[in-house]
Visitor: 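The structure is given below, and queries will be raised subsequently.
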Amino acid sequence: MIGDSRMKSTGIRLTIIAFFVLSFVACNDNMGETDTRLSDVKTLIEPLSGRSIALETSASAEIYFEWDYADVNEGGVAVYQIAFDKVDGDFSVPFYRMSSDNNGFNNNVKITHKQMNKIAGMAGIKASDTGTFKWTVFSSKGTKAVKSGQENTITITRLAGFEDLPIDVYVTGEGSEGGTDLSKAHKMKAVAGGDFEVYTKLAGGEPFYFTDGITGSPRRFYTSEGLVKENGTSTVSTDGIYRITLDFNTGACTYALVTRIMFYFCPDNALLFELPYEGYGIFMAKGRTVTFKQESWGRDERYKFRMFMKENGGVGEEKEYEWGTQNSTDSRPTSTSPESYYYLRLINATSQWNDKWKLMADFDGVAANYTVYLQADGPYTHSITK
């Protein structure tokens with residue numbers, strides 16, 4: 001009986017201890033929920049409040065934002081979003097938010113001038129104008145988000161871009177390939193929203209311009225001093241083939257004079273022949289013969305294309321670029337190879353062997369037409385035909 005009594009007493013004590021242990025664990029474990037306790041970001045470090053920035057068209061230009069890390073209780077980490085609002089806003093509905101770098105884990109973010117130009121537009125600042133808005137940071141952990149108690153103002157001078165971006169853009173006018181016949185205007189390739197480029201022939205001293213359509217009364221654009229503007233004409237000083245880029249987001253434009261495109265034979269590290277310009281973005285070498293190089297392991301047929309351009313409208317130093325494969329390959333094509341085998345991409349000319357294609361065996365020592373297509377409606381590509 002005494003033994004049974006002791007066993008019952010021990011069992012009661014163990015039950016009480018277990019109850020307190022479980023209660024303690026439950027309290028500290030929040031019943032399995034994520035601990036979301038954290039404080040707001042105390043200090044916005046960069047840029048200082050009141051800073052003024054004139055945006056630049058350079059693709060590498062960016063603004064660096066930084067803030068202190070939030071104090072996260074009970075361990076864990078916070079993630080961050082930078083937010084922008086009008087000067088009189090309270091950030092209850094900011095007009096733009098984005099995560100910091102490293103998927104929100106960094107206490108900083110780099111925003112390109114091109115992105116900031118769009119953000120400034122959301123604040124109601126017109127192209128080329130200057131205006132002020134403010135920014136702050138939200139820190140979050142789990143489902144809880146806390147706004148920083150600090151808000152910094154920033155003054156932005158926007159780029160000379162366009163609010164109403166064209167969907168299509170064409171080159172036309174007396175100095176263009178199609179002349180004044182609008183139906184023959186040369187269509188530019190849309191490389192991104194509001195960004196266009198074209199490889200086209202222009203006559204020196206003759207006016208040309210750009211339109212957003214080839215019927216009716218389309219909008220007209222021209223370029224002057226590195227900017228895209230409305231209702232005027234442009235000229236170049238020299239006859240030639242030009243690579244023109246227009247960015248309607250920023251209003252920036254570039255002209256480069258294409259001096260030649262060459263067939264590059266990798267085994268000999270040599271330029272074998274030129275592909276003359278045919279018109280409307282097509283370069284073709286007709287009836288040219290390539291003899292594969294005999295190596296100890298077999299016949300070497302690797303090739304790509306080299307393009308030479310002078311930047312700054314043709315007055316800059318001539319530079320060498322490469323049209324190489326868009327989809328890496330180390331095999332010969334066949335008659336059933338996909339069209340994508342021949343797709344092109346423009347890169348710096350740095351290697352004898354990288355980004356090359358292989359000729360089909362049928363073209364060893366056989367005359368063929370080598371054609372590069374740099375046109376708007378479809379991927380840049382090339383073909384080799386007998």
Visitor: Residues in salt bridge (Lys or Arg N to Asp or Glu O under 4.0 Å) with E274, at least two apart?
Guide: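 Partners of E274 under the salt bridge (Lys or Arg N to Asp or Glu O under 4.0 Å) test: none.
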
Visitor: Indicate, with yes or no, if L272 and Y370 share a hydrophobic cluster defined by side-chain heavy-atom contacts under 4.5 Å among Ile, Leu, Val, Met, Phe, Trp and Tyr.
Guide: yes

Visitor: Are R288 and F263 in a cation-pi setup, meaning NZ or CZ lies under 6.0 angstrom from the ring centre and within 45 degrees of the ring axis?
Guide: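 Here R288 fails the 6.0 Å and 45° test against F263.
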
Visitor: Of all heavy-atom pairs between K356 and T329, which one has the smallest distance, and what is that distance?
Guide: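 Of all heavy-atom pairs spanning K356 and T329, the closest is NZ-O, 3.1 Å.
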
Visitor: Quick test of your reading of the model: are E230 and R219 salt-bridged, counting only N-O distances below 4.0 Å?
Guide: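 Answer for the salt bridge query: yes.
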
Visitor: Give a yes/no verdict on a cation-pi contact between K189 and Y380, requiring under 6.0 Å between NZ or CZ and the six-membered ring centre and an angle within 45° of the axis.
Guide: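 So K189 does make the cation-pi contact.
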
Visitor: Hey, quick one: are V79 and V77 part of the same hydrophobic cluster, counting side-chain heavy atoms closer than 4.5 Å, chains of contacts allowed?
Guide: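 In one cluster with V79: V77, yes.
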
Visitor: Does any donor atom in the side chain of S383 or T385 lie under 3.5 Å from an acceptor atom in the other side chain?
Guide: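 Their side chains do not contain a donor-acceptor pair, so the 3.5 Å distance test is not met.
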
Visitor: So, T381 side chain and Y342 main chain: donor-acceptor pair closer than 3.5 Å or not?
Guide: yes

Visitor: What about M188 and Y199, same hydrophobic cluster or not, with Ile/Leu/Val/Met/Phe/Trp/Tyr joined at side-chain heavy-atom distances under 4.5 Å?
Guide: no

Visitor: For a quick test of reading the model, state the closest non-hydrogen atom pair linking C253 to L246 and the distance between them.
Guide: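 Answer, listing the atom of C253 first, then L246: CB-CD2, 3.6 Å.
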
Visitor: Run the ring pair (Phe, Tyr, Trp, His ring centres under 6.0 Å) check on Y277 and F283 step by step: do they pass?
Guide: CA-CA 4 Å; Y277 187 69; F283 299 78; 4.9 Å; yes

Visitor: Could you tell me whether the side chains of N327 and T325 share a donor-acceptor contact shorter than 3.5 Å?
Guide: no

Visitor: Give a yes or no on this: more than 12 heavy atoms of other residues, nucleotides or ligands lie within 6.0 Å of atom OH of Y69.
Guide: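 Yes, the 6.0 Å shell around OH holds more than 12 heavy atoms from other groups.
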
Visitor: Does K201 pair with D239 as a salt bridge, N-O distance under 4.0 Å?
Guide: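 Looking at K201 and D239, the cut-off is not met.
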
Visitor: List the steps, then state whether side-chain hydrogen bond (donor to acceptor under 3.5 Å, both in side chains) holds for E174 with Y209.
Guide: CA-CA 9 Å; E174 295 175 20; Y209 58 96; over 6 Å; no

Visitor: Would you tell me whether D90 and S92 have side-chain atoms, one donor and one acceptor, within less than 3.5 Å of each other?
Guide: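 Per modelled atom types, D90 and S92 side chains form a pair under 3.5 Å.
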
Visitor: Is there a side-chain hydrogen bond (donor to acceptor under 3.5 Å, both in side chains) between T136 and E151? Walk through the geometry before answering.
Guide: CA-CA 5 Å; T136 192; E151 300 172 0; 5.7 Å; no

Visitor: Side chains of Y64 and E62 only: does a donor on one sit below 3.5 Å from an acceptor on the other?
Guide: no

Visitor: Side chain of K386, backbone of F363: donor and acceptor closer than 3.5 Å?
Guide: no

Visitor: Is there a path of hydrophobic side-chain contacts, each under 4.5 Å between heavy atoms of I/L/V/M/F/W/Y residues, joining L374 to Y170?
Guide: no

Visitor: Could K304 and D355 be called an ion pair, given the rule that one side-chain N must be under 4.0 Å from one carboxylate O?
Guide: no

Visitor: Within the side chain of N117, is there an N or O that forms a donor-acceptor pair under 3.5 Å with the backbone of N249?
Guide: yes

Visitor: Verify the distance criterion only: is there a donor paired with an acceptor across the side chains of Y96 and Q115 at less than 3.5 Å?
Guide: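 Not at all, the side chains of Y96 and Q115 share no donor-acceptor pair under 3.5 Å.
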
Visitor: Is there a donor-acceptor pair under 3.5 Å between the side chain of T180 and the backbone N or O of G173?
Guide: no

Visitor: Say you draw a straight line from CZ of F91 to CZ of R97; how long is it, rounded to the nearest 0.5 Å?
Guide: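 F91 CZ to R97 CZ: 10.0 Å, rounded to 0.5 Å.
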
Visitor: Would you find a donor on one side and an acceptor on the other, under 3.5 Å apart, between the side chain of H113 and the backbone of A61?
Guide: no

Visitor: Given side-chain hydrogen bond (donor to acceptor under 3.5 Å, both in side chains), test N312 with Y255 step by step and report yes or no.
Guide: CA-CA 6 Å; N312 300 323; Y255 285 75; over 6 Å; no

Visitor: For E301 and K293, run salt bridge (charged side-chain N to carboxylate O under 4.0 Å, His left out): C-alpha distance rounded to whole Å, both residues' side-chain angles, the deciding distance at 0.1 Å, then the answer.
Guide: CA-CA 7 Å; E301 72 286 61; K293 185 176 182 179; over 6 Å; no

Visitor: Has T233 got a side-chain atom pairing as donor or acceptor with F208's backbone, closer than 3.5 angstrom?
Guide: no

Visitor: Quick check: does any side chain N or O of Q150 sit under 3.5 Å from a backbone N or O of L44, one acting as donor and the other as acceptor?
Guide: yes

Visitor: For the side chain of T43 and the backbone of I45, is there at least one donor-acceptor N/O pair under 3.5 Å apart?
Guide: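 No, because the side chain of T43 does not come within donor-acceptor range (under 3.5 Å) of the backbone of I45.
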
Visitor: For the pair K147 and D40, find out whether any cationic side-chain nitrogen is under 4.0 Å from an anionic carboxylate oxygen.
Guide: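 Salt bridge absent between K147 and D40.
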
Visitor: Between the main-chain N or O of A70 and the side-chain N or O of Y80, is there a donor-acceptor pair closer than 3.5 Å?
Guide: yes

Visitor: Under the side-chain hydrogen bond (donor to acceptor under 3.5 Å, both in side chains) criterion, do T223 and S234 qualify, and how do the steps go?
Guide: CA-CA 6 Å; T223 58; S234 307; 3.2 Å; yes

Visitor: Taking atom CD of E339 as the centre, report whether more than 12 heavy atoms of other residues, nucleotides or ligands fall under 6.0 Å from it.
Guide: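 Result for CD/E339: open.
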
Visitor: Where the side chain of S49 meets the backbone of N152, is there a donor-acceptor pair that is under 3.5 Å apart?
Guide: no

Visitor: Check whether the ring centres of H382 and W357 lie less than 6.0 Å apart, and answer yes or no.
Guide: yes

Visitor: Checking salt bridge (charged side-chain N to carboxylate O under 4.0 Å, His left out) for the pair D300/K358: CA distance, chi angles, key distance, verdict?
Guide: CA-CA 8 Å; D300 196 339; K358 291 186 175 183; over 6 Å; no

Visitor: Using the rule given for salt bridge (charged side-chain N to carboxylate O under 4.0 Å, His left out), can you reason through D212 versus R220, listing the C-alpha separation, both sets of side-chain angles and the distance that settles it, and then say yes or no?
Guide: CA-CA 7 Å; D212 65 352; R220 292 176 56 157; over 6 Å; no

Visitor: Does a side chain donor of either S100 or Q81 reach within less than 3.5 Å of an acceptor in the other side chain?
Guide: no

Visitor: Take atom CD of E163 as the centre, draw a 6.0 Å sphere, and report whether it contains more than 12 heavy atoms from other residues, nucleotides or ligands.
Guide: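 More than 12 heavy atoms, drawn from other residues, nucleotides or ligands, come within 6.0 Å of this atom.
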
Visitor: Count the heavy atoms of every other residue, nucleotide or ligand shown that sit under 6.0 Å from NZ of K86, and state whether that count exceeds 12.
Guide: no

Visitor: Do we see a donor-acceptor contact under 3.5 Å between the side chains of T254 and T245?
Guide: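 Judged by distance alone, the side chains do pair up.
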
Visitor: Taking the ring centre of each residue, are F248 and F162 less than 6.0 Å apart?
Guide: yes

Visitor: Looking at F308, is R260 sitting on its ring face, NZ or CZ under 6.0 Å from the six-membered ring centre and within 45 degrees of the normal?
Guide: yes

Visitor: Does this structure show an ion pair linking R306 with E320, if we count only N-O contacts that are shorter than 4.0 Å?
Guide: yes

Visitor: Does K134, at its NZ atom, have more than 12 non-hydrogen atoms belonging to other residues, nucleotides or ligands within less than 6.0 Å?
Guide: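 Enclosed.
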
Visitor: Would a hydrophobic clustering, with Ile, Leu, Val, Met, Phe, Trp and Tyr connected at side-chain separations under 4.5 Å, put M284 with L344?
Guide: no

Visitor: Can you find a side-chain donor-acceptor pair between T155 and T132 that sits under 3.5 Å?
Guide: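 Their side chains do contain a donor-acceptor pair, which is all the 3.5 Å distance test asks for.
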
Visitor: Is it true that D247 and K114 make a salt bridge, defined as a side-chain N closer than 4.0 Å to a carboxylate O?
Guide: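 Salt bridge between D247 and K114, a charged N being under 4.0 Å from a carboxylate O: yes.
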
